[in-house]
2 protein chains.
Amino acid sequence: MSPVNAPAKRDPEAARQRILAAALAEFSEKGLGGARVDVIAQRAGVNKRMLYHYFGNKDDLFLAVLELAYGEIREAEKALNLDDLSPVEGMGKLVAFTFDYFVQAPYFIKLLNSENLHGARHLRRSKAILDMHGPVIGLITDLLERGAAEGVFRDDADPVEVFITIASVGYFYFSNVHTLSAIFDRDLTSEREVAARRAHVIDVVLGYLRPT
Amino acid sequence: MSPVNAPAKRDPEAARQRILAAALAEFSEKGLGGARVDVIAQRAGVNKRMLYHYFGNKDDLFLAVLELAYGEIREAEKALNLDDLSPVEGMGKLVAFTFDYFVQAPYFIKLLNSENLHGARHLRRSKAILDMHGPVIGLITDLLERGAAEGVFRDDADPVEVFITIASVGYFYFSNVHTLSAIFDRDLTSEREVAARRAHVIDVVLGYLRPT
DNA sequence: TATTGAAGTAACTAACTGGTTACTTATATC
DNA sequence: GATATAAGTAACCAGTTAGTTACTTCAATA
């Protein structure tokens with residue numbers, strides 16, 4: 001006869017979520033190799049044994065975190081509704097969205113860097129992630145085709161190359177902020193610098209896409 | 001009375017170089033955290049104690065490797081002689097060079113990723129590296145100014161943004177080859193794909209720089 | 001050729017690391 | 001309310017890890 005809203009003494013789902021959140025933080029701060037299982041357990045406020053109970057081992061936990069992170073960005077992309085916009089506006093919105101996403105979810109970049117250091121061995125096991133990327137390419141293909149037909153975009157742009165380029169120009173900036181800031185002796189994490197970079201990357205993609 | 005060319009039983013400089021080369025390989029394959037001091041010693045064919053004798057500790061050894069890697073690319077850049085070329089040709093050559101450099105020295109990307117995961121804490125201690133980047137920016141500034149004056153480049157491009165963009169479009173491709181290859185289910189390390197990317201990144205930079 | 005400092009070695013250590021064992025406790029369901 | 005199963009805990013373990021100790025050997029030079 002316990003009240004519906006009473007805090008459950010045991011809440012498996014909440015524990016799972018806390019482990020995932022703690023692992024996301026720890027993995028993105030220290031990388032897969034640098035992250036410590038004990039620290040994740042401590043941050044999640046659960047016994048270390050629970051990580052193994054819920055996720056099997058460190059690598060499988062990392063994969064779960066990776067699936068979470070990829071799921072979030074591809075889900076957000078789907079909600080963009082670029083079909084209602086002109087090709088130029090749509091492309092600008094996609095580039096801005098991608099850039100802003102890196103600002104909002106800095107852990108995404110760190111996780112991908114870690115995964116690439118390890119040859120994408122976790123991701124390759126995840127059918128969920130591998131099936132996730134059709135939609136984005138579809139979005140870009142549609143924008144490029146409409147733009148070329150209307151004569152506002154060049155007609156020789158490859159959708160996958162464009163996708164990689166859109167990701168590149170923002171990703172690299174944030175992935176390498178520390179070395180770039182040190183080298184150029186200016187704080188590239190400042191709002192002013194980030195805003196300047198944001199304007200630049202939109203200029204680059206739209207500038208490139210102008211008809212030849 | 002030992003012959004000049006007889007192999008010295010002790011060759012400190014050679015030992016130092018072998019340690020550096022082994023550390024470069026190990027650090028770029030496993031990252032700073034994943035690299036093992038014992039493995040570096042083994043790969044270099046020296047006693048582990050020698051790493052500490054020559055370089056002090058693991059972090060200082062990493063910094064030495066970083067200085068070596070940065071020195072190499074900035075030195076190669078200096079030999080480009082872009083002044084003799086037209087702005088468009090010069091910029092094309094710089095973009096191609098940067099891209100090709102990532103192909104030729106894949107360890108450079110791995111080392112930078114590691115350094116950024118650690119907040120550039122080694123690099124910031126290295127005056128040598130921090131003083132290394134004036135020349136490249138000078139090169140780009142000159143190309144942009146000449147191009148704008150001749151009316152073949154837009155006049156609102158910032159040299160540092162352009163530098164970062166030139167690096168981005170190649171760096172990200174190679175840094176993330178494994179995840180990208182998995183996601184798009186095609187081997188982006190193949191010669192054909194690399195050549196296509198190379199052509200694309202030149203198109204992107206030169207396309208963007210066209211006058212507005 | 002005596003000396004001294006750098007080059008080199010083997011064995012060790014204290015702290016850590018991912019994962020396990022052996023066990024207890026809560027809860028849904030029949 | 002008995003019971004099976006999932007949730008949870010504390011203590012432990014075998015293998016690593018960066019760095020050190022205590023020592024020997026070589027070779028330049030005074």
Side-chain angles (χ1 to χ4, degrees), chain A residues 1-27 29-66 114 117-118 121-122, chain B residues 1-27 29-66 114 117-118 121-122:
Chain A
M1 217 188 175
S2 62
V4 183
N5 288 328
K9 270 187 182 166
R10 288 192 171 186
D11 192 339
E13 190 48 35
R16 236 190 100 93
Q17 293 303 323
R18 284 215 312 285
I19 293 171
L20 265 180
L24 179 82
E26 176 75 1
F27 281 134
E29 285 166 25
K30 319 267 182 65
L32 172 57
R36 296 294 162 238
V37 169
D38 293 82
V39 175
I40 294 173
Q42 205 182 323
R43 290 174 85 150
V46 304
N47 188 283
K48 179 168 62 155
R49 188 68 188 74
M50 290 293 96
L51 307 204
Y52 295 94
H53 183 59
Y54 285 113
F55 296 97
N57 58 37
K58 192 184 182 185
D59 280 279
D60 287 348
L61 177 55
F62 185 76
L63 176 55
V65 168
L66 214 55
S114 228
L117 181 63
H118 293 270
R121 70 178 152 91
H122 306 87
Chain B
M1 215 182 177
S2 62
V4 184
N5 289 330
K9 269 187 183 164
R10 288 194 171 184
D11 192 339
E13 190 48 34
R16 235 191 101 92
Q17 293 302 324
R18 284 215 313 283
I19 293 172
L20 266 180
L24 178 84
E26 176 74 1
F27 281 133
E29 284 166 25
K30 320 267 182 65
L32 172 58
R36 296 296 163 235
V37 169
D38 293 83
V39 175
I40 294 173
Q42 203 183 324
R43 290 173 86 151
V46 305
N47 188 284
K48 178 169 61 155
R49 188 67 189 75
M50 290 293 94
L51 307 203
Y52 295 94
H53 184 59
Y54 285 113
F55 296 98
N57 58 39
K58 191 184 182 185
D59 279 277
D60 287 348
L61 176 56
F62 185 77
L63 175 55
V65 167
L66 213 55
S114 227
L117 181 64
H118 293 269
R121 68 180 151 93
H122 306 87

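Keep in mind it's a predicted model, so treat the numbers as computed, not measured. Quick note on labels: first sequence line is chain A, next is B, and so on, each numbered from 1.
Note on the helix from C:dT1-D:dA30 to C:dC30-D:dG1: angle between the axes of the first and last five pairs equals 10°, rounded to 10 degrees.
A distance of 11.5 Å separates NE2 in A:His53 from CG in A:Asn47, rounded to the nearest 0.5 Å. Atom CG of B:Leu63 sits about 6.5 Å away from atom CG of B:Asp60, to the nearest 0.5 Å. The distance from atom CG of B:Leu66 to atom CG of B:Leu61, rounded to the nearest 0.5 Å, is 11.0 Å.
Residue pairs meeting the salt bridge (charged side-chain N to carboxylate O under 4.0 Å, His left out) criterion with at least one partner in residues 32-42 of chain B, sequence neighbours excluded, are B:Asp38-B:Lys48.
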Below 3.5 Å, can you tabulate the donor-acceptor pairs from side chains in residues 13-21 of chain B to any protein atom, sequence neighbours excluded?
from: B:Glu13; atom 1: OE2; to: B:Gln17; atom 2: NE2; distance (Å): 2.9
from: B:Arg18; atom 1: NE; to: B:Ala44; atom 2: O; distance (Å): 2.8
from: B:Arg18; atom 1: NH2; to: B:Ala44; atom 2: O; distance (Å): 3.4

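Distance CD (B:Glu13) to P (D:dC26): 21 Å, rounded to an integer number of Å. In this structure, A:Ile19 atom CD1 and D:dG8 atom C1' are separated by 11 Å, rounded to whole Å. Between the CE atom of B:Met50 and the P atom of C:dA6 there is a distance of 12 Å, given to the nearest Å. If you take CG of B:Leu51 and P of C:dA7, they are 14 Å apart, rounded to a whole angstrom. Going from atom NE2 of B:His53 over to atom P of D:dA22 covers 18 Å, rounded to whole Å.
Applying the 4.0 Å criterion to OP1 and OP2 of C:dA6, one finds that B:Tyr54 has every side-chain N and O outside that range.
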Return a single string for nucleotides 14-21 of chain D, one symbol per nucleotide in 5' to 3' order, where B is base contact, S is sugar-phosphate-only contact and - is none, cutoff 4.0 angstrom on heavy atoms. ---SBBBB
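The ring-ring contact (aromatic ring centres under 6.0 Å, His included) check on B:Phe27 picks up B:Phe62, with sequence neighbours excluded. Checked against side-chain contact (heavy atoms from CB on, under 4.5 Å), B:Arg43 has the following partners two or more places apart in sequence or in another chain: B:Ala22, B:Ala25, B:Glu26, B:Glu29, B:Val39.
Side-chain atoms of B:Asp59 and B:Leu32, non-hydrogen and from C-beta on, do get closer than 4.5 Å to each other.
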